[in-house]
Trainee: 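One structure coming up, written as structure tokens, with questions to follow.
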Amino acid sequence: QVQLVESGGGLVQPGGSLKLSCEVSGRTFNGWELAWFRQVPGKPREFVAGVNWNHGDTWYGGPVKGRFTISRDHAKNTVFLQMNRLKPEDTGVYLCAADRDCSGLGCYISDEYEYWGQGTQVTVSS
């Protein structure tokens, strides 16, 4: 049914850039919110960025503001995360998530999101 498939992760040096993709399928996502979270072993899952599928409104976690950009391409059924000026602390498994009815601060909370991809590893190291 609903499928979220991430790609684009890899190993990059500090200060470098990487672009992640999340291909969505299984239903129309009009009216939904899509987001990126990241997971580091031993730490809570952290919100990275979110986008409204219809209007393109975006919101970001504090640590990535000014460095990451989330966007979506309706024709390609894909959500992107452009990551610039990467830091070692950006390392983690990046997961794509979708929710049909988040609101306010709930749109920053992982438990609010209904569907998840399997993640793609991003490692920032010299």
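Just so you know, these numbers use all the heavy atoms, side chains as well, and skip hydrogens, waters and symmetry mates.
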Trainee: Could you tell me the separation between the SG atom of Cys107 and the CG atom of Asp57, rounded to the nearest 0.5 Å?
Mentor: 10.5 Å
Trainee: I'd like to check Glu46 versus Pro63 (side-chain heavy atoms, cut-off strictly below 4.5 Å). Are they in contact?
Mentor: yes
Trainee: Before you tell me yes or no, could you show the steps for Glu6 and Trp116 under side-chain contact (heavy atoms from CB on, under 4.5 Å), namely the whole-Å CA-CA distance, both residues' side-chain angles and the distance that decides it to 0.1 Å?
Mentor: CA-CA 10 Å; Glu6 303 94 335; Trp116 293 83; over 6 Å; no
Trainee: Hey, what do you get for CD (Glu112) to CZ (Arg100), rounding to the nearest 0.5 Å?
Mentor: 13.5 Å
Trainee: Below 30° counts as parallel, above 60° as perpendicular, anything between as tilted: where do the rings of Trp53 and His74 land?
Mentor: perpendicular
Trainee: CG of Leu4 to CG of Asn77: how many Å apart, nearest 0.5 Å?
Mentor: 11.5 Å
Trainee: Measure from the ring center of Phe37 to the ring center of Tyr113 and say whether it is less than 6.0 Å.
Mentor: yes
Trainee: Taking all heavy atoms of Phe47 and all of Trp59, pick out the closest pair and write down the distance.
Mentor: CZ-CD1, 3.1 Å
Trainee: Could you report the tightest heavy-atom contact between Val93 and Leu95, atom names first, then the distance?
Mentor: O-CD1, 3.5 Å
Trainee: Can you confirm if the aromatic rings of Trp36 and Phe80 lie within a centre distance of less than 6.0 Å?
Mentor: no
Trainee: Considering only distance and modelled atom types, tabulate donor-acceptor pairs under 3.5 Å from the side chains of residues 118-126, sequence neighbours left out.
Mentor:
unit_1: Thr120; atom_1: OG1; unit_2: Gly9; atom_2: N; d: 3.1
unit_1: Gln121; atom_1: NE2; unit_2: Thr123; atom_2: OG1; d: 3.3

Trainee: For residues 16-24, dump all side-chain donor-acceptor pairs below 3.5 Å to protein atoms at least two apart in sequence or in another chain.
Mentor:
unit_1: Ser17; atom_1: OG; unit_2: Asn84; atom_2: OD1; d: 2.9

Trainee: Looking only at heavy atoms, what is the nearest atom pair of Val40 and Thr91, with distance?
Mentor: CG2-O, 3.2 Å
Trainee: Give the C-alpha distance, both sets of side-chain angles, the deciding distance and a yes or no for side-chain contact (heavy atoms from CB on, under 4.5 Å) between Tyr94 and Gln39.
Mentor: CA-CA 6 Å; Tyr94 282 69; Gln39 180 73 63; over 6 Å; no
Trainee: At their closest point, which heavy atom of Met83 faces which heavy atom of Leu86, and how far apart are they?
Mentor: CB-CD2, 3.7 Å
Trainee: Mind listing the closest non-hydrogen atom pair of His55 and Arg72 along with its distance?
Mentor: C-NH2, 3.5 Å
Trainee: Any chance you could lay out the side-chain contact (heavy atoms from CB on, under 4.5 Å) test for Phe68 and Thr58, step after step, and finish with the verdict?
Mentor: CA-CA 11 Å; Phe68 292 10; Thr58 60; over 6 Å; no
Trainee: In Å and rounded to the nearest 0.5 Å, what is the CZ to CZ distance from Arg38 to Arg45?
Mentor: 14.0 Å
Trainee: With side-chain contact (heavy atoms from CB on, under 4.5 Å) as the test, would you mind laying out the steps for Arg67 and Lys87 before giving the verdict?
Mentor: CA-CA 10 Å; Arg67 298 189 297 119; Lys87 304 174 181 179; 3.8 Å; yes
Trainee: Could you state the interatomic distance from CG (Asn54) to CD (Glu33), rounded to the nearest 0.5 Å?
Mentor: 8.5 Å
Trainee: Closest approach of Ile70 and Tyr60, non-hydrogen atoms and distance?
Mentor: N-OH, 2.9 Å
